[in-house]
Amino acid sequence: MKVAIIYSNHQSGNFNEQLLNRLKEQLLNDGHEFVIRDLYALDFNPVLRTSDFEKNAAGQPAEDIAKEQSFVRWADILLFIYPVWWGGMPAIVKGYIDRIFSWGFAYKSSGKGVYPLLSDKKAIVMSTMGQARADYEKGMFKAMNLVNVEGIFGFCGIQLAEELYFTSIHSASAEEREKYFAQGINVIRKIPAYSNS
């Protein structure tokens with residue numbers, strides 16, 4: 001299958017990058033095609049402007065938007081890897097969604113309401129956070145899941161196939177990190193099953 005990895009972390013050598021490298025190795029071993037869209041390395045502009053709306057409405061999206069949309073169009077699976085900041089995705093990831101998942105590409109509207117255009121896609125989200133799992137189980141996980149499942153991916157018709165949260169990442173031991181890596185790799189190994197679900 002074809003996987004577009006939307007990766008976001010401002011530092012090198014961190015857990016997210018280590019996870020990315022492990023997942024790349026597994027994707028290669030399993031014979032999947034993939035591309036990596038490293039948003040910081042790309043210096044991706046996350047700000048959605050009036051000119052973007054106008055160009056999208058005219059069917060002539062800005063060059064950077066059109067390029068990223070080509071990767072989304074190509075992929076069967078969108079794999080997002082990012083740290084959780086303030087209870088959600090970093091601005092650069094949210095801006096990617098704002099600009100790339102645009103009207104006419106990810107969804108459309110008619111007299112009968114909004115309808116999705118990316119129903120042939122599935123998404124996997126792997127995110128890291130500094131606090132303990134118990135802190136997020138008080139309601140934060142539920143809120144983040146609702147935003148991702150219904151507010152973003154579901155709105156475009158994308159099925160959220162997996163969502164992994166790696167908690168206490170700054171204090172996690174080497175053994176705990178290896179368990180996290182194993183969880184991510186297990187998700188990659190399950191990818192062939194997504195084509196039938």
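Quick note: residue numbers are just sequence positions, from 1.
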Is the shortest side-chain N to carboxylate O distance from [X] to [Y] below 4.0 Å?
X    : Y    : result
E17  : K24  : no
D52  : R99  : yes
E162 : K190 : yes

Using distance alone, with no hydrogens and no angle criterion, decide if [X] and [Y] have a side-chain donor and acceptor under 3.5 Å apart.
X    : Y    : result
S102 : Q69  : yes
Y165 : N145 : yes
Q26  : D30  : yes
N148 : E163 : yes
Y96  : E68  : yes

Sub-4.5 Å side-chain heavy-atom contact between [X] and [Y]:
X    : Y    : result
D76  : I191 : no
M89  : V84  : no
L79  : I188 : yes
F166 : S127 : no
V125 : L164 : no
E150 : F155 : no
V3   : I5   : yes
K2   : I77  : no

Sub-6.0 Å ring centroid separation between Y7 and Y82: no
When rounded to the nearest 0.5 angstrom, what is the spacing between [atom1] in [X] and [atom2] in [Y]?
X    : Y    : atom1 : atom2 : value
F80  : I6   : CZ    : CD1   : 4.0 Å
L117 : K121 : CG    : NZ    : 11.5 Å
T128 : N9   : OG1   : CG    : 6.5 Å
L42  : D38  : CG    : CG    : 6.5 Å
I100 : N56  : CD1   : CG    : 8.5 Å
L78  : I124 : CG    : CD1   : 9.0 Å

Considering all heavy atoms of both residues, which atom of [X] and which atom of [Y] are nearest to each other, and what is their separation?
X    : Y    : value
A132 : T167 : C-CB, 4.2 Å
A91  : P46  : O-CB, 3.8 Å
A4   : W74  : N-CZ3, 4.3 Å
H170 : G130 : CD2-CA, 3.7 Å
N16  : S8   : ND2-O, 4.0 Å
P116 : G157 : CB-N, 3.3 Å

When hydrophobic residues are tied together by side-chain contacts of less than 4.5 Å, even through go-betweens, does [X] share a cluster with [Y]?
X    : Y    : answer
F105 : F153 : yes
I81  : V35  : no
L48  : F101 : no
Y107 : I97  : no
L118 : V149 : yes

Pairs satisfying ring-ring contact (aromatic ring centres under 6.0 Å, His included), at least one member in residues 108-127, at least two apart: none
Worked check of side chain to side chain contact (heavy atoms under 4.5 Å, CB included) between N14 and Q18: CA-CA 6 Å; N14 58 70; Q18 294 168 32; 6.0 Å; no
Intermediate values then yes/no, side chain to side chain contact (heavy atoms under 4.5 Å, CB included), E178 and R22: CA-CA 10 Å; E178 286 299 325; R22 299 283 188 103; 2.8 Å; yes
Side-chain (E176) to main-chain (S173) donor-acceptor, under 3.5 angstrom: yes
Residues M126, L19; criterion side chain to side chain contact (heavy atoms under 4.5 Å, CB included); working and verdict: CA-CA 9 Å; M126 299 186 188; L19 175 65; 4.0 Å; yes
R133, CZ: over 12 other non-hydrogen atoms inside 6.0 angstrom: yes
E25 atom CD: more than 12 heavy-atom contacts under 6.0 Å: no
Side chain to side chain contact (heavy atoms under 4.5 Å, CB included) evaluation trace for Y180 with F15: CA-CA 10 Å; Y180 284 159; F15 174 86; 3.6 Å; yes
